[in-house]
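There's a structure below that I have some questions on.
Residue indices begin at 1 and follow the sequence shown.
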Amino acid sequence: MAPKYVFRPMSTGDLPLIRQWLETPAVARWWGHADEQYALVSGDLDHPDMDQFIVVFGEQPFGYIQCYLLSTWNQCFGPQPSATRGIDQFIGEPDMIGRGHGSGFIRQFVDALLGQGIPRVVTDPDPDNICAVRAYARAGFHSERLVDTPDGPALLMVRDT
């Protein structure tokens, strides 16, 4: 069976679309101020420890996922296996929200990482973001504990090989 989602490496040509998505109410609610987030996302485009992708379903780009070497960011998660990766994502197209795409593309993306030998993938949604917590759980993550991050409290969720 062919993959359901395509993860196209993000390029500078995608930045206008990323800005548009960051300005949608659903994304801004959980990611924060669009200008600040745009500066962070665009600033990490060439960082060697950050991989960024546009998520495509059929012919339609609809989401963003970033995957980073955990040891470079988020040391507040405590000791983790070497080569652990962290992910963050959002769905930028409002008509794609609430249709199972979040858990679907997260599962497919993480399955591929684990299949490449990555020992663990972690994420840290806001504990009040029930939709994200459920999507990660449906994608095979389990809740580990609350952690304090520079952005406030977060729920550390983990998926192992």
Side-chain angles (χ1 to χ4, degrees), residues 2-77 84-113 116 118 121-139 141 147-157 159:
K4 189 174 189 179
Y5 300 97
V6 173
F7 302 96
R8 178 172 51 78
M10 193 173 96
S11 70
T12 55
D14 295 309
L15 291 175
L17 181 60
I18 291 293
R19 176 172 284 289
Q20 175 187 328
W21 286 345
L22 287 167
E23 292 172 350
T24 64
V27 175
R29 178 175 182 196
W30 301 111
W31 274 62
H33 194 268
D35 289 338
E36 291 172 15
Q37 292 305 313
Y38 179 80
L40 291 170
V41 169
S42 61
D44 287 338
L45 198 53
D46 294 323
H47 196 290
D49 294 337
M50 174 72 75
D51 298 318
Q52 298 169 297
F53 301 92
I54 300 297
V55 186
V56 180
F57 180 71
E59 299 289 319
Q60 180 182 8
F62 75 96
Y64 166 83
I65 190 165
Q66 62 184 24
C67 178
Y68 55 90
L69 187 61
L70 192 66
S71 60
T72 304
W73 289 277
N74 289 339
Q75 285 80 15
C76 58
F77 290 172
T84 294
R85 302 291 288 194
I87 61 168
D88 299 299
Q89 56 78 35
F90 60 74
I91 294 176
E93 296 295 331
D95 63 340
M96 298 292 279
I97 295 172
R99 297 175 175 235
H101 291 294
S103 60
F105 83 77
I106 293 166
R107 178 176 290 280
Q108 182 181 321
F109 187 85
V110 173
D111 283 351
L113 288 175
Q116 295 167 9
I118 299 298
V121 179
V122 300
T123 191
D124 62 336
D126 184 307
D128 293 331
N129 188 343
I130 301 303
C131 291
V133 171
R134 285 184 188 149
Y136 285 118
R138 284 192 304 271
F141 284 78
V147 293
D148 290 319
T149 73
D151 297 320
L155 179 61
L156 178 62
M157 298 186 76
R159 182 153 171 229

Taking it one step at a time, do Lys4 and Phe105 satisfy side-chain contact (heavy atoms from CB on, under 4.5 Å)? CA-CA 8 Å; Lys4 189 174 189 179; Phe105 83 77; over 6 Å; no

For Ala28 and Leu22, work out which heavy atoms get closest and say how close.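 Reported closest heavy-atom pair: CB-O, 3.7 Å.
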
Minimum heavy-atom distance between Leu45 and Ser11, given as atom pair plus value: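 Residues Leu45 and Ser11, closest heavy atoms: CD2-C, 3.9 Å.
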
Calculate, to the nearest 0.5 Å, the distance between atoms OG1 and OH belonging to Thr84 and Tyr68 respectively. 10.5 Å

Heavy-atom closest contact (Pro127 atom, Pro153 atom, distance): CD-O, 3.4 Å

Give me the atom names and distance for the closest heavy-atom approach of Val133 to Pro125. CG2-CG, 4.0 Å

Please check this pair: side chain of Thr123 against backbone of Ile87, looking for a donor-acceptor N/O pair closer than 3.5 Å. yes

Report, as yes or no, whether the 6.0 Å neighbourhood of atom CG on Asp95 holds more than 12 heavy atoms from other residues, nucleotides or ligands. yes

Look at the rings of Tyr5 and Phe57 and say which category their plane angle falls in: under 30° parallel, 30 to 60° tilted, over 60° perpendicular. tilted

Working note: Phe141 + Val121, criterion side-chain contact (heavy atoms from CB on, under 4.5 Å); need CA distance, chi angles, decisive distance, verdict. CA-CA 9 Å; Phe141 284 78; Val121 179; 4.0 Å; yes

Tell me, do Trp31 and Tyr64 make a side-chain contact under 4.5 Å, heavy atoms counted? yes

4.5 Å side-chain heavy-atom contact, Gln108 and Phe7: yes

Roughly how far apart are Tyr136 OH and Ile106 CD1, rounded to 0.5 Å? 4.5 Å

Would you say Trp30 and Asp128 make side-chain contact, with heavy atoms under 4.5 Å?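 With C-beta onward as the side chain, the pair touches.
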
Donor-acceptor pair, Arg159 side chain versus Ala139 backbone, under 3.5 Å?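 A pair under 3.5 Å: yes.
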
For Ala135 against Ser103, the heavy-atom pair lying closest together: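 Nearest pair, atom of Ala135 first, then Ser103: O-CB, 3.3 Å.
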
Is there a donor-acceptor pair under 3.5 Å between the side chain of Gln52 and the backbone N or O of Val41? yes

Return the OG1 to CZ distance between Thr149 and Phe77, rounded to the nearest 0.5 Å. 7.0 Å

Met50 side, atom CE; Thr72 side, atom OG1 - distance, nearest 0.5 Å: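 OG1 of Thr72 is found 9.0 Å from CE of Met50.
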
Rounded to the nearest 0.5 Å, the CD1 atom of Ile118 sits from the CG atom of Leu113 at a distance of 6.0 Å

Do the non-hydrogen side-chain atoms of Ile18 and Ile54 ever get within less than 4.5 Å of each other?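 Contact flag for Ile18/Ile54 side chains = yes.
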
Starting at CZ of Arg99, measure out to CD1 of Ile97 and round the result to the nearest 0.5 Å. 10.5 Å

Would you indicate whether the side-chain heavy atoms of Thr24 and Phe90 approach each other to under 4.5 Å? no

Arg8 atom CZ, over 12 foreign heavy atoms within 6.0 Å: yes

Any side-chain heavy-atom pair from Asp51 and Arg85 closer than 4.5 angstrom?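 Answer yes - side chains close enough.
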
Scanning both residues in full, the closest heavy-atom pair of Ser42 with Ala39 reads OG-O, 3.4 Å

Side chains of Leu15 and Tyr38: does their closest heavy-atom pair fall under 4.5 Å? yes

